[in-house]
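Please read these numbers as outputs of a predicted model, since none were measured by experiment.
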Amino acid sequence: MSIASWFRRTFVPLKRIDPRFGSMTFQRMSGRHGPSYWEGSGTFADEEVEFLVDGDESGPTEEHREHVRRLELTWREIEPRLAHHLASRVPAAELGDRSRRLADWSLSSLALPSNPATSRHDRAVEIGYMECGSGELLTFEMDGFEPRAARIGN
């Protein structure tokens, strides 16, 4: 590999326009700090969200796009499950003075593992919300289309 190609590969970020995820930038990771991923923003369920899609330099896959399409098609059934999980299963000690009402939070991100269809055996799809007012992050880990866990903060 020439010095010029090494320099481009190392320091010049890859960018692309994805048909589902919009304008994206590749975030190369060493592996010690997690997998490499594509970062971008676009629309999901009529909300502007950030997309974080695990993958290599070739970009998001059709499997990623299809999974997001299925999530969006069933969003009216999924979001009430997230609200119920927040209201009934997130410990009060973890929430502190933050709201248990999902209506007080705003959808902010979707993070997809390298293989979202088998996320039960890999990192799970994550749906992020920001608390209106404080900007605190609430992340739901999904098991298919069901919430399995939630956490506050990064």
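Looking only at atom types and distance, the side chain of S99 has a donor-acceptor partner in the side chain of D104 under 3.5 Å away. The closest side-chain donor-acceptor pair between T74 and E77, if any, does not fall under 3.5 angstrom.
Across every non-hydrogen atom of F26 and G55, the tightest pair is CE1-O, 3.4 Å. In terms of heavy-atom proximity, F51 sits nearest to T43 at CZ-O, 4.0 Å.
For the pairing with R20, the side-chain hydrogen bond (donor to acceptor under 3.5 Å, both in side chains) check across E62, H64, E72 returns one residue only, E72. Residue E57 is tested with R16, R28, K15 for a salt bridge (Lys or Arg N to Asp or Glu O under 4.0 Å); the sole match is R28.
Classification of R98 and E136 as a salt-bridged pair holds, one side-chain N sitting under 4.0 Å from a carboxylate O. Taking 4.0 Å as the cut-off between side-chain N and carboxylate O, R69 and E66 count as a salt-bridged pair. Checked for salt-bridge contact, R65 and D18 meet the test: a charged N lies under 4.0 Å from a carboxylate O.
Using a 4.5 Å cut-off on side-chain heavy atoms (C-beta onward), W38 and L52 make no contact.
Put simply, CG on L107 and CD on E79 are 6.5 Å apart, with the number rounded to the nearest 0.5 Å.
Here the side chain of S36 pairs a donor or acceptor atom with the backbone of M29 at under 3.5 angstrom.
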